[in-house]
Novice: 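I have a structure here, written as structure tokens, and I will follow up with some questions on it.
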Amino acid sequence: MTAQITLNLPDEVYHQAVLLAQQRHRTVSEILVETLENFLLPTAKPVSALSDSEAIDQTQLRLQPVQEQRLNELLDRQQSGTIIPVEREELQGLIHIYETRLLRQAQALNEAVRRGLLEPLKG
């Protein structure tokens, strides 16, 4: 099931979506839907409510390759002092996604160990 909505995007966000769509040979709509899905869905269900296979899958959560590449580019720009304000906001958003997924990954690992699906990590 899908719902159709209308969004008013800041120009910078729209232009970034257009560039990404061109690079990936996709539509702007597809890029925006994918971005929202990547941001919202991995953490939608409590870890305790995941099936065993979902819990195992979420122990491997990572950024999408395009997100990871963009995060690295923006971190390089920040370090070199060439980042512009709109990129700084984008960087903060990607860092938030990264941190959210890292936390979710740790929670899923804990749940998988609790259920006996994985061995505890040895240190």
Novice: With rounding to the nearest 0.5 angstrom, report the CD to CD distance, Glu90 to Gln67.
Specialist: 10.0 Å
Novice: Grab the two heavy atoms, one from Ala17 and one from Leu32, that are nearest each other, plus how far apart they are.
Specialist: CB-CD2, 3.9 Å
Novice: Return the OG1 to CD distance between Thr6 and Gln4, rounded to the nearest 0.5 Å.
Specialist: 6.5 Å
Novice: Rounded to the nearest 0.5 Å, how far apart are CD1 of Ile31 and CG of Leu36?
Specialist: 11.5 Å
Novice: For Val28 and Tyr14, which heavy atoms make the closest approach, and how far apart are they?
Specialist: CG1-CE1, 4.1 Å
Novice: Once rounded to the nearest 0.5 Å, what's the spacing between atom CG of Asn72 and atom CG of Leu91?
Specialist: 10.5 Å
Novice: Only one of Arg115, Lys45, Arg104 forms a salt bridge (charged side-chain N to carboxylate O under 4.0 Å, His left out) with Glu54, so which one is it?
Specialist: Lys45
Novice: Are any of the side-chain heavy atoms of Gln58 and Leu50 separated by less than 4.5 Å?
Specialist: yes
Novice: Decide, yes or no, whether a salt bridge links Arg62 with Glu68 under the criterion of side-chain N to carboxylate O below 4.0 Å.
Specialist: no
Novice: Answer yes or no: is there a side-chain heavy-atom contact under 4.5 Å between Leu117 and Thr59?
Specialist: no
Novice: Less than 3.5 Å apart, any donor N or O on the side chain of Ser80 or Thr82 sitting next to an acceptor on the other?
Specialist: yes
Novice: Would you compute the distance between atom CD of Glu73 and atom CG of Leu94 and round it to the nearest 0.5 angstrom?
Specialist: 10.0 Å
Novice: What are the two closest non-hydrogen atoms of Ala55 and Ala108, and how far apart are they?
Specialist: O-CB, 3.6 Å
